[in-house]
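A short write-up of the structure that comes next.
Below, chains carry the letters A, B, ... as their sequence lines are ordered, and counting in each starts from 1.
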2 protein chains.
Amino acid sequence: MEPHAKLYLLSDEDEGLFGDGKWRLLMAVREHGSIQEAARELGRGYRKAWGDIKSAEEAFGRAIVRKTRGGSSGGATELTEFGVQLLDAWEKFRSEVSSCMNEAFEEYLKPIIGGIDDER
Amino acid sequence: MEPHAKLYLLSDEDEGLFGDGKWRLLMAVREHGSIQEAARELGRGYRKAWGDIKSAEEAFGRAIVRKTRGGSSGGATELTEFGVQLLDAWEKFRSEVSSCMNEAFEEYLKPIIGGIDDER
DNA sequence: AAGGGATATGTTCGAATGAACATAACGATT
DNA sequence: AATCGTTATGTTCATTCGAACATATCCCTT
């Protein structure tokens, strides 16, 4: 029994534009220089990964990655400057919220549900 | 473009046991003294509301509400002492995390994505 | 020019989650 | 005992979202 937060950036229409899922994906892209590889690592299909990146870029209205096709390597994808900044900012954001959440959990909820375990 | 957090309590198997949805539901139950009324207010069906309460109680392993059937009123549902404590604790928990998140957003993300609007 | 690996998209299938429908049981009041 | 409004459950339908399948395109290398 532990707390967890799913963090999002929402549009005015309450659509989820960005969250930990896309953050992890972009992390993997930065690391491997390829959407294909990134998707493989995360156990997601390329189709999904590609679509996620596209929708994120549409949401922000600007490029997060720079992609190239063809060549001996087949192609590649790297983060734009904005992409890198976004990742770093999100990292700090989520980390801060996460630790804050754990504190609040210990202070308010733990005393109430503390002794409860749930293995059934 | 604003931040949002979905807060959960997770079991060891990563199942979502409790969150804002059930919190709001229990709030409405406390206010109206009836699952039926609570569901009506939230625009959810009674079936769903009843099931949600049941699963929450199973998750915590103890009663959150005390229900009675029959009578002139048809029946009624009130929160147990534990239920009330849980609601209050969750209220403080979410409030704290929420304000913390907004601070973190202003500090880290706003500077990066600040000028972006998305009405398309 | 042929090959290979990654990007680019459309499409179809399946699982999960909530909405909706249908009853049954209950019990104070009349 | 008949009624009425609520609790209690099973079941079925719809919608959403990711998984999976299928191609097409690109372009450096050989």
Under 4.0 Å, heavy atoms only, any strand: does R66(B) hit a base, just the sugar-phosphate, or nothing? nothing

How do G43(A) and K54(B) order along DNA chain D: which one's closest nucleotide is nearer the 5' end? K54(B)

dA19(C) P sits how many Å from L42(B) CG, rounded? 11 Å

In this structure, how many angstroms lie between the P atom of dA8(C) and the CG atom of D52(A), rounded? 14 Å

If the test is side-chain contact (heavy atoms from CB on, under 4.5 Å), which one of M27(B), H32(B), Q36(B), R24(B) qualifies with E41(B)? H32(B)

So, using side chain to side chain contact (heavy atoms under 4.5 Å, CB included) as the criterion, who are the partners of T77(B) when residues are at least two apart? V29(B), I35(B), V65(B), K67(B)

Without decimals, in angstroms, what is the distance between E37(A) CD and dA6(C) P? 7 Å

Could you list the protein-to-nucleotides 27-30 of chain C atom pairs, N/O on both sides, closer than 3.5 Å?
residue : atom : partner : partner atom : Å
dG27(C) : O4'  : G71(B)  : N            : 3.3
dG27(C) : N2   : G71(B)  : O            : 3.0
dG27(C) : N3   : G71(B)  : N            : 3.2

Report yes if a side-chain nitrogen or oxygen of K67(A) is closer than 4.0 Å to either non-bridging phosphate oxygen (OP1 or OP2) of dA6(C); otherwise report no. no

Taking the six-membered ring for Trp and the full ring for Phe, Tyr or His, determine whether the centres of F18(A) and W90(A) are under 6.0 Å apart. yes

Side-chain touch E96(B)/M101(A), heavy atoms, less than 4.5 angstrom: no

Where do K6(B) and D20(B) land on the salt bridge (Lys or Arg N to Asp or Glu O under 4.0 Å) test, with the steps shown first? CA-CA 7 Å; K6(B) 285 188 179 177; D20(B) 277 358; over 6 Å; no

With a cut-off of less than 4.0 Å, is there a side-chain N or O of W50(A) near OP1 or OP2 of dA8(C)? yes

Walking along DNA chain D from 5' to 3', note the first and the last nucleotide with an atom under 4.0 Å from a heavy atom of chain A, and give both. dG18(D) to dT29(D)

Nearest whole angstrom, please: distance from the C1' of dG18(C) to the CZ of R47(B). 11 Å

Salt bridge (Lys or Arg N to Asp or Glu O under 4.0 Å) evaluation trace for R30(B) with D88(B): CA-CA 12 Å; R30(B) 171 167 64 177; D88(B) 289 348; 3.7 Å; yes

I would like to know whether K54(A) and E57(A) meet salt bridge (Lys or Arg N to Asp or Glu O under 4.0 Å); could you show each step before the answer? CA-CA 5 Å; K54(A) 181 175 182 182; E57(A) 292 189 320; over 6 Å; no

Nearest whole Å is fine: how far is dG4(C) P from Y46(A) OH? 20 Å

Between CD1 of I113(A) and CD of Q85(B), what distance do you get to the nearest 0.5 Å? 12.0 Å

Donor-acceptor check, side chain of T68(B) to backbone of G75(B), threshold 3.5 angstrom: yes or no? no

